[in-house]
Amino acid sequence: MTEETEAGLGKSGMSREEIMRISASFETKHPAEVLGWVAHTFEPGSVGMATGFGVEGVALIDMLAKTHGSIPVFYLDTDVLFPETYELRERIENKYGIVLIRYATPVSLEEQAAQYGTSLWNKDPDLCCRIRKVKPLREALRNYAGWITAIRREQSPFRAKAGIVEWDKKFGLLKVNPLAAWSKKDVWMYIIDNDVPYNPLYDKGYASIGCTHCTTPVADGEDERAGRWRGSMKKECGLHLDDSPTGKSDVA
């Protein structure tokens, strides 16, 4: 990935100080204003938005469709997403008249099983995420100057310090988190007020939805990411974590 240059950080052309200043200016702004800044600051197609079809992601897609639909939206297909997630993808494309860009590993589930054994997600979930999510994301971001995510600070300790605009040193480009300061309540109010389609699994006790083998419903009082990789210390797939200081690249 592109490193720092004399003109600024990577393809963004911005210094760290400028990024921090811009981020601070958005702390009290609506996420739609952040998206507007992206649309008017960067060349069309130079910044893409990633979605995992969570409630936060579909809220941002709705905002994009209403104001800045020229920003491309892509998703990572692990081949083991819930049927409800694939159905939601179709509902979103039909409702907003957009085509969501699919990225996926060239490694089939059968090839993965032949090389690493069956149920890699149980034996080594970090490796499974690296193969099926992190490496495809790296490929997706190759030609972008920045990317937009739907993460929120209150989702997990790993995300608590996320800036609304920040430098993503893992992937070497600008990272924009328009919903960073929003609460779960803020997101659901937007969904309801704007009649945004969402994954019906939320109505069945799921609070954070990933792959079928690694996602379970949560009980009352549990953290919203308690249903991800239940029974392990793992709570992140690696997309929003810096590389390990030991140099083990792409491991969550």
Side-chain angles (χ1 to χ4, degrees), residues 1 48 50-54 56-57 74-86 88-89 101-142 144 147 149-162 168-173 175 177 199 201-202 204-219 222-252:
M1 282 294 180
T51 183
F53 301 106
E56 292 84 4
F74 65 89
Y75 69 101
L76 306 176
D77 188 354
T78 62
D79 296 318
V80 283
L81 301 179
F82 283 90
E84 291 88 345
T85 302
Y86 290 113
L88 176 60
R89 177 200 61 197
I101 305 167
R102 177 183 182 269
Y103 286 92
T105 177
V107 181
S108 70
L109 291 170
E110 292 75 19
E111 291 169 334
Q112 180 172 296
Q115 183 171 357
Y116 301 104
T118 59
S119 303
L120 181 61
W121 41 82
N122 291 328
K123 294 184 294 186
D124 192 342
D126 285 341
L127 178 58
C128 189
C129 285
R130 186 161 81 245
I131 294 169
R132 312 207 73 80
K133 297 186 77 172
V134 180
K135 288 187 175 180
L137 177 62
R138 192 176 293 282
E139 180 63 29
L141 298 179
R142 188 178 302 276
Y144 287 129
W147 67 307
T149 87
I151 65 171
R152 294 183 293 106
R153 291 170 185 154
E154 69 172 25
Q155 286 175 321
S156 74
F158 299 104
R159 303 177 182 188
K161 295 183 179 180
D168 187 340
K169 59 184 179 181
K170 181 182 183 75
F171 295 108
L173 75 172
K175 183 177 182 180
N177 310 306
N199 197 318
L201 290 175
Y202 283 104
K204 298 179 180 180
Y206 290 80
S208 178
I209 303 168
C211 298
T212 55
H213 302 291
C214 307
T215 310
T216 60
V218 299
E222 280 192 309
D223 180 85
E224 65 180 281
R225 289 185 70 81
R228 304 294 293 274
W229 304 282
R230 187 176 289 280
S232 74
M233 296 298 293
K234 180 178 174 67
K235 295 302 174 190
E236 295 281 346
C237 58
L239 304 184
H240 303 291
L241 293 177
D242 291 336
D243 285 344
S244 165
T246 63
K248 191 175 182 181
S249 170
D250 285 345
V251 176

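As a basis for the values below, the full set of heavy atoms in this structure was taken, side chains included, without hydrogen atoms, waters or symmetry mates.
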To the nearest 0.5 Å, what is the distance between [atom1] on [X] and [atom2] on [Y]?
| X | Y | atom1 | atom2 | value |
| --- | --- | --- | --- | --- |
| D79 | T212 | CG | OG1 | 10.5 Å |
| L120 | L127 | CG | CG | 4.5 Å |
| L109 | T118 | CG | OG1 | 12.0 Å |

Inset, instruction - Check each of K175, R159, E56 against T149 using the side-chain contact (heavy atoms from CB on, under 4.5 Å) test, and report the only one that passes. - result: K175

If the condition is side-chain hydrogen bond (donor to acceptor under 3.5 Å, both in side chains), which residues does [X] pass it with, not counting sequence neighbours?
| X | answer |
| --- | --- |
| Y75 | R89 |
| S208 | R225, R228 |
| Q112 | R132 |

Inset, instruction - Can you run down the salt bridge (charged side-chain N to carboxylate O under 4.0 Å, His left out) pairs that involve residues 111-125, sequence neighbours left out, and say none if there aren't any? - result: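 Sorted result for residues 111-125: empty, none.
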
Nearest heavy atoms of [X] and [Y], plus distance in Å:
| X | Y | result |
| --- | --- | --- |
| A207 | Y202 | O-CE2, 3.5 Å |
| L88 | N199 | CD2-N, 3.6 Å |
| C211 | L81 | SG-CD2, 4.4 Å |
| I151 | A162 | CD1-CB, 4.0 Å |
| C214 | W121 | SG-CB, 3.7 Å |

Inset, instruction - Could I get the full list of side-chain contact (heavy atoms from CB on, under 4.5 Å) partners for K204, not counting sequence neighbours? - result: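 Result, side-chain contact (heavy atoms from CB on, under 4.5 Å) vs K204: E84, L201, Y206.
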
Legend entry - Set of side-chain contact (heavy atoms from CB on, under 4.5 Å) partners for A104, sequence neighbours left out: D77, R102

Legend entry - Mutual orientation of the aromatic rings belonging to Y103 and F74 [parallel < 30°, tilted 30-60°, perpendicular > 60°]: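 Taking F74 first and then Y103, their aromatic rings stand perpendicular (interplane angle over 60°).
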
Legend entry - Student check: side-chain heavy atoms of T105 and K135 closer than 4.5 Å: no

Legend entry - Pairwise side-chain contact, K170 with V134, heavy-atom cut-off 4.5 Å (strictly under): yes

Inset, instruction - Determine, stepwise, if the pair I209 / F53 fulfils side chain to side chain contact (heavy atoms under 4.5 Å, CB included). - result: CA-CA 8 Å; I209 303 168; F53 301 106; over 6 Å; no

